[in-house]
Amino acid sequence: MKPDFINLNSMTDIVSNSVGMLVLFSLVTLLQVGARVYDVKVPVEHETNLRPMFFLCKDDAVLYLDPQATFAKAAKIIGERNLKPGARFELNYFDLKSYLDPRFGIVFLPQSAADWPGMESLSDADSPINAMLDGMDKTQNFAYFFVYDNTETGQGGGSGFEAFRRMRAALKERGVKSGWMPVDEQHPAYVCFWSNVAACRYWPSDE
C-alpha cells in the first residue's frame, strides 16, 4: 500500500471551491516571487444582482473584454468556417485567439498585451483606462478580472497581478466592486452566462 503523505479529503475541500483555489494561488505566488511581497487578503465571494464587466490583466496591462463585440466576432467566425468546439481561431480583437468550449463558453487566449492600455497611464486622468473606470456604474456593474501573473521575470511592476491590484484599488476609490480569477495558459479566461453552471457564476469578492 502506498504511504498516505497528504490528507486527500482536506485537499479536495480546498480545490473544490473557488475561494480555496484563490488562497492556493496566493500562497504559490508568494513562494515564487522571492523578494516580491504582496499583501494578499482572503477574498470572500458573494452573490449579487450587479452585472460583471470582464477584464484581462497581463504584463502590466489591462484589456476590457466587450462581450457583445467578442461574442459577435466569435459567432461569425465559427459560423463561416463551420468550426467545431475546441478549434482555435484568430478573434481579430486585440491579438486574442479563441475557441468554443461547450462547458465554459468562449475561451480567450491572449497572444500579446502590447496593444492593451498600460498601467503607466493610470496616473493620467484622461487616459483610456480612467475613462473606462469612470464610465462604470457602481449601481449596475462590477469588474471581474482574469489575472495572468508573470512571476518568472521577478519584476512585480510587470505582472498581471500587480496590474490587477492597482485596478482594484482605483475601483475601490470609485465605490465599484470587483472579483477575480487566476488564469494561465493551461487554464485560460472564459466567459459564459449559464447560471446553473458553477463555473459560470462570476461574483465580486470582499477583502
Side-chain angles (χ1 to χ4, degrees), residues 14-29 32-33 40 43 45 51-79 81 83-119 132 142-153 158-168 178-205:
I14 292 174
V15 301
S16 62
N17 66 86
S18 56
V19 172
M21 288 302 295
L22 292 177
V23 173
L24 284 178
F25 172 79
S26 300
L27 292 175
V28 170
T29 298
Q32 289 180 339
V33 298
V40 179
E45 295 179 337
R51 295 189 300 271
M53 295 180 66
F54 299 100
F55 299 86
L56 288 172
C57 289
K58 181 179 173 67
D59 298 338
D60 207 31
V62 61
L63 176 66
Y64 169 54
L65 281 174
D66 184 333
Q68 183 174 355
T70 54
F71 274 58
K73 287 178 178 289
K76 181 179 180 181
I77 295 171
I78 292 172
R81 301 181 188 177
L83 298 177
K84 295 181 179 180
R88 300 188 179 192
F89 55 88
E90 296 284 349
L91 189 58
N92 299 321
Y93 186 89
F94 289 94
D95 203 18
L96 291 179
K97 286 188 176 182
S98 186
Y99 65 88
L100 177 66
D101 188 306
R103 301 166 300 167
F104 301 132
I106 301 295
V107 179
F108 300 97
L109 307 168
Q111 305 304 294
S112 170
D115 294 332
W116 301 7
M119 294 309 296
M132 179 174 54
F142 72 96
Y144 195 88
F145 296 94
F146 300 103
V147 182
Y148 290 84
D149 190 27
N150 184 21
T151 58
E152 67 270 13
T153 63
S159 74
F161 190 66
E162 181 64 20
F164 157 66
R165 292 179 70 249
R166 294 180 63 189
M167 287 289 289
R168 181 175 59 180
S178 61
W180 69 292
M181 175 190 298
V183 291
D184 56 29
E185 285 71 19
Q186 287 73 43
H187 305 89
Y190 60 87
V191 174
C192 55
F193 296 100
W194 305 311
S195 59
N196 61 329
V197 178
C200 297
R201 295 170 188 157
Y202 305 100
W203 292 340
S205 54

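What you see below is based on every heavy atom in this structure, not just the backbone, and it leaves out hydrogens, waters and symmetry mates.
Taking the six-membered ring where the residue is Trp, Phe54 and Tyr144 present perpendicular rings, their angle passing 60° and hence far from 30°. Between Phe146 and Tyr190, the ring-plane angle classifies as tilted under the 30° and 60° cut-offs.
Considering SG of Cys200 and CZ of Arg103, their distance stands at 10.5 Å, rounded to 0.5 Å. From Leu96, atom CG reaches atom CD of Glu90 across 9.0 Å, with rounding to the nearest 0.5 Å. Put simply, CG on Leu91 and CG on Leu65 are 9.0 Å apart, with the number rounded to the nearest 0.5 Å. One finds the NZ atom of Lys73 at 12.0 Å from the CD atom of Gln68 (value rounded to the nearest 0.5 Å). Rounding to the nearest 0.5 Å places CE of Met167 at 4.5 Å from CE of Met132. Distance check, rounded to the nearest 0.5 Å: CZ of Phe142 to CZ of Arg51 gives 11.0 Å.
Closest approach of Met119 to Ala61, counting heavy atoms only: CG-N, 4.3 Å. Between Trp194 and Asp101, the closest heavy-atom pair is CH2-O, 4.3 Å. Closest of all the heavy-atom pairs between Tyr148 and Ala189 is OH-N, 3.6 Å. The nearest pair of heavy atoms linking Phe145 to Val62 is CE2-CG2, 4.5 Å. Shortest non-hydrogen contact noted between Ser98 and Ile106 is OG-CG2, 3.3 Å. Counting all heavy atoms, side chain and backbone alike, Tyr93 lies closest to Leu63 at CE2-CD2, 4.3 Å.
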- Message: As a quick check of understanding, evaluate side chain to side chain contact (heavy atoms under 4.5 Å, CB included) for Leu109 and Tyr99, giving each step before the final call.
- Response: CA-CA 8 Å; Leu109 307 168; Tyr99 65 88; 3.9 Å; yes

- Task: Any chance you could lay out the side chain to side chain contact (heavy atoms under 4.5 Å, CB included) test for Phe161 and Cys57, step after step, and finish with the verdict?
- Result: CA-CA 7 Å; Phe161 190 66; Cys57 289; over 6 Å; no

- Task: Report the C-alpha separation of Val107 and Leu100 in whole Å, then their side-chain angles, then the decisive distance to 0.1 Å, and conclude whether the side chain to side chain contact (heavy atoms under 4.5 Å, CB included) test is met.
- Result: CA-CA 6 Å; Val107 179; Leu100 177 66; over 6 Å; no

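Residues Leu56 and Phe94 have side chains not in contact (no heavy-atom distance under 4.5 Å, counting atoms from C-beta outward). Here the side chains of Ser205 and Trp203 are not in contact, with every heavy-atom distance at 4.5 Å or above.
Note: Phe55 and Trp116 fail the aromatic proximity criterion, with ring centroids not under 6.0 Å apart.
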